[in-house]
Amino acid sequence: MRTSLAVKDVIKRKLRALELCVGAGGLALGTARAGFKDITVIDVHGPTCQTLRRNKLGNVAHVHDWNIIEDDISELQFSNYTEIDLLSGGPPCQPFSQAGKRIGRSDEREMFPHFIRAVRECNPKTFIIENVKGLRHRSFLNYFNYIVLQLNFPHIQRRKGEKWTEHRAKLERFMTSGKYDGVRYNVVWQVLNAADYGVAQRRERVFIVGVRADLGIEYSFPLVTHTHEALLVGQWVTGDYWEHHSIPKCQIPECPDLVRKILSKLNKERSENAWKTVRDAIGDLPNVGLGHTSHKVLNHFLNPGARAYKGHDGSTMDAPAKTIKAGHHGVPGGENMVRLDNGTIRYFSVRECARLQAFPDDWVFDGSWCACMRQIGNAVPVTLGEVVAAPLAKALLIKPD
């Protein structure tokens with residue numbers, strides 16, 4: 001009887017989550033799919049909040065119960081969210097992006113201090129923070145390590161007039177001495193490539209995951225489920241990839257010389273799945289002409305004006321897409337274009353980019369073409385958010401309060 005009651009309690013329990021800088025909702029949707037149901041999402045950007053509201057009104061799966069708040073987190077007090085299971089979000093990546101000014105903590109858009117403050121004020125059981133791989137660049141490495149130390153000990157605050165390097169040294173002493181007996185978090189981080197988890201896009205991002213130390217919960221990042229090698233086997237050894245897409249033999253391209261040299265070294269009996277390609281993700285969408293909109297598929301509009309130049313020649317159909325980006329001065333070219341089988345290039349449609357970010361087809365994006373592309377480019381691939389959050393949800397559901 002005790003076992004059945006415990007199972008019943010687990011089924012009834014709703015995991016509460018708060019997401020900051022939610023953007024278009026990729027990470028939040030991933031955490032919802034992983035098992036977090038009572039979700040509050042906050043963002044200061046009006047168009048992204050309108051996208052979330054439209055999906056809530058449209059009764060899209062997992063979103064209909066979200067509490068959507070349009071506000072600036074730098075002005076918020078988080079005392080109303082002290083009983084949450086998960087705090088998640090992606091601080092603006094521009095301060096650490098290799099494509100930006102790269103001024104890091106000096107950038108006015110740097111929001112990590114407010115995320116750390118949210119951890120301190122909320123005391124969540126767990127947290128997930130996502131950011132660009134550039135955060136681990138050597139020019140930011142010392143500051144990155146400082147961020148992780150603050151997340152370990154969020155209640156040891158920097159005093160007025162104290163240099164951040166002095167504060168970091170203090171945190172290091174607490175870390176190495178093991179004498180701190182206040183609230184602390186066990187924190188791990190890893191750079192994950194979305195393609196390794198079934199997303200049709202090569203997208204490397206830093207994920208920082210923390211678990212409150214008093215809970216005794218174990219966490220490890222998910223193991224890779226999809227590989228480039230398995231894709232090469234399907235394309236150039238068995239030919240299953242071309243057969244699956246009904247590509248006639250006369251249209252199958254020549255095997256690249258670099259690939260041919262390593263084919264003999266590939267394990268033909270592979271247990272993992274193949275990387276997903278652009279063709280896998282968008283191959284079944286209806287064709288529409290430039291400047292036209294599909295009336296059958298949401299946000300499927302082909303914007304004209306794409307052009308290739310050195311280093312920016314679009315994604316190929318038979319590999320994962322290049323990283324979809326938001327752009328700083330409009331939609332970027334090479335990353336948000338596709339090169340078709342006939343050699344022509346064009347921009348991806350909003351729906352195609354959404355698929356490359358693993359959003360469901362009923363997820364609608366609100367705003368102009370540029371605004372929608374910016375929302376998608378800033379998002380976390382839904383599948384990647386789900387696989388990172390799933391072990392936390394599972395552990396929290398079986399862990400008594």
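Scope of the values below: all heavy atoms of this structure, side chains included, with no hydrogens, waters or symmetry mates.
Partners of Arg339 under the salt bridge (Lys or Arg N to Asp or Glu O under 4.0 Å) rule, at least two apart in sequence or in another chain, do not exist in this structure.
The only option from Asp313, Asn336, Thr316 that meets the side chain to side chain donor-acceptor pair (under 3.5 Å) definition with Lys322 turns out to be Asp313.
Sorted by first and then second residue, the ring pair (Phe, Tyr, Trp, His ring centres under 6.0 Å) pairs involving residues 242-264 (not counting sequence neighbours) are Trp236-Trp242, Tyr241-His245. Applying the ring pair (Phe, Tyr, Trp, His ring centres under 6.0 Å) rule to pairs touching residues 52-90 yields nothing, sequence neighbours excluded.
Using a distance-only test at 3.5 Å, with no hydrogens or angles considered, no donor-acceptor pair links the side chain of Thr344 to the main chain of Leu340.
The pair Lys125-Asp85 meets the salt-bridge criterion, with a side-chain N (NZ, NE, NH1 or NH2) lying under 4.0 Å from an Asp/Glu carboxylate O.
Asp318 approaches Leu231 most closely through the heavy-atom pair O-CD2, 4.2 Å. Among all heavy-atom pairs drawn from Ile147 and Ile116, the shortest one is O-CD1, 4.4 Å.
Less than 6.0 angstrom separates the ring centroid of Trp275 from the ring centroid of His228. Ring centroids of His137 and Phe144 are separated by 6.0 Å or more, keeping the two rings apart.
Separation of atoms CD (Glu162) and NZ (Lys160) is listed at 13.5 Å; rounding is to 0.5 Å. For the atom pair CD (Gln251) and CG (Asn342), the distance works out to 10.5 Å, reported to the nearest 0.5 Å.
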key: Worked check of side-chain contact (heavy atoms from CB on, under 4.5 Å) between Val338 and Val278   = CA-CA 9 Å; Val338 59; Val278 172; 4.3 Å; yes
inquiry  = side-chain contact (heavy atoms from CB on, under 4.5 Å), that's the test. Do Lys133 and Arg205 meet it? Break it down for me.
reply    = CA-CA 5 Å; Lys133 185 177 70 170; Arg205 291 294 186 266; 5.6 Å; no
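For the residue pair His300 and Ser349, a side-chain donor N or O sits within less than 3.5 Å of a side-chain acceptor on the partner.
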